[in-house]
Amino acid sequence: MTERRDIATGPPDEYVEAEVHRLLAEDPDVAEQGITVVRRERGLVLYGEVESPHRREEILRRVAERFPDVPITSDIGVIRAQAPTEIEQLP
């Protein structure tokens with residue numbers, strides 16, 4: 001008989017962490033390999049940088065949609081994706 005642990009009652013296991021990695025990398029609408037997923041005591045933390053706030057929200061929406069019982073914390077930053085408006089002067 002196989003034991004099945006409900007992820008809502010404890011920290012997510014390494015399988016959930018791996019599934020989130022796979023979702024982010026293999027979903028053609030996301031295809032994001034620059035996000036790190038870390039298990040914490042009460043959920044998952046997503047770390048990394050993306051090119052827009054919209055992209056970050058889409059990633060979080062898809063993960064929450066696929067894993068509704070897993071608490072997700074975002075530490076995803078937004079990097080500047082447009083060209084600089086000033087010339088950088090080096091000393």
Side-chain angles (χ1 to χ4, degrees):
M1 184 169 185
T2 324
E3 180 184 277
R4 183 171 184 266
R5 188 168 64 82
D6 183 5
I7 60 175
T9 61
D13 61 26
E14 63 274 5
Y15 296 111
V16 173
E17 183 179 1
E19 285 183 52
V20 172
H21 274 288
R22 193 169 23 263
L23 168 72
L24 294 176
E26 295 177 1
D27 184 321
D29 294 329
V30 177
E32 187 65 61
Q33 295 182 8
I35 302 298
T36 303
V37 181
V38 179
R39 283 181 294 135
R40 294 289 183 229
E41 192 173 314
R42 299 192 183 273
L44 297 175
V45 181
L46 305 181
Y47 295 98
E49 292 184 334
V50 294
E51 68 274 2
S52 71
H54 174 74
R55 180 97 168 133
R56 175 178 52 205
E57 294 307 314
E58 182 64 15
I59 288 168
L60 295 174
R61 183 187 71 75
R62 287 184 180 268
V63 172
E65 186 177 86
R66 173 69 175 87
F67 303 96
D69 296 331
V70 178
I72 304 292
T73 302
S74 171
D75 194 11
I76 300 173
V78 177
I79 58 173
R80 181 176 70 190
Q82 67 260 15
T85 57
E86 300 175 1
I87 297 174
E88 182 178 358
Q89 297 291 329
L90 298 176

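FYI, the numbering just counts along the sequence from 1.
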**OP:** Please check if Val45 and Val20 belong to a single hydrophobic cluster, counting links between Ile, Leu, Val, Met, Phe, Trp and Tyr side chain heavy atoms closer than 4.5 Å.
**Re:**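 No, Val45 does not connect to Val20 through the hydrophobic network.
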
Original post:
Does Arg22 have any side-chain hydrogen bond (donor to acceptor under 3.5 Å, both in side chains) partners at least two apart in sequence or in another chain, and if so, which?
Top reply: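 In terms of side-chain hydrogen bond (donor to acceptor under 3.5 Å, both in side chains), with neighbours along the sequence ignored, Arg22 is linked to no residue.
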
**OP:** Output all residues satisfying side-chain hydrogen bond (donor to acceptor under 3.5 Å, both in side chains) with Glu58, sequence neighbours left out; order by chain, then residue number.
**Re:**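 side-chain hydrogen bond (donor to acceptor under 3.5 Å, both in side chains) check on Glu58 returns Arg61, Arg62.
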
Distance (rounded to the nearest 0.5 Å) between [X] [atom1] and [Y] [atom2]:
X     : Y     : atom1 : atom2 : result
Glu32 : Leu46 : CD    : CG    : 11.0 Å
Leu44 : Phe67 : CG    : CZ    : 8.5 Å
Leu24 : Arg66 : CG    : CZ    : 11.5 Å
Ile35 : Leu60 : CD1   : CG    : 8.5 Å

Original post:
How about Val63 and Val37: do any of their side-chain heavy atoms sit closer than 4.5 Å?
Top reply: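 No; the side chains remain at least 4.5 Å from each other.
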
Tell me every residue that passes side-chain contact (heavy atoms from CB on, under 4.5 Å) with [X], counting only those two or more places apart in sequence or in another chain.
X     : answer
Pro53 : Arg56, Val78
Glu49 : Ile79
Val38 : Thr36, Arg40, Tyr47

**OP:** Grab the two heavy atoms, one from Pro71 and one from Arg42, that are nearest each other, plus how far apart they are.
**Re:**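 Closest approach of Pro71 to Arg42, heavy atoms only: CG-O, 3.0 Å.
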
Original post:
For Tyr15, which fellow cluster members are found when Ile, Leu, Val, Met, Phe, Trp and Tyr are connected by side-chain heavy-atom distances below 4.5 angstrom, either directly or through intermediates?
Top reply: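 Grouped by the 4.5 Å side-chain rule, Tyr15 forms a cluster of one, so the answer is none.
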
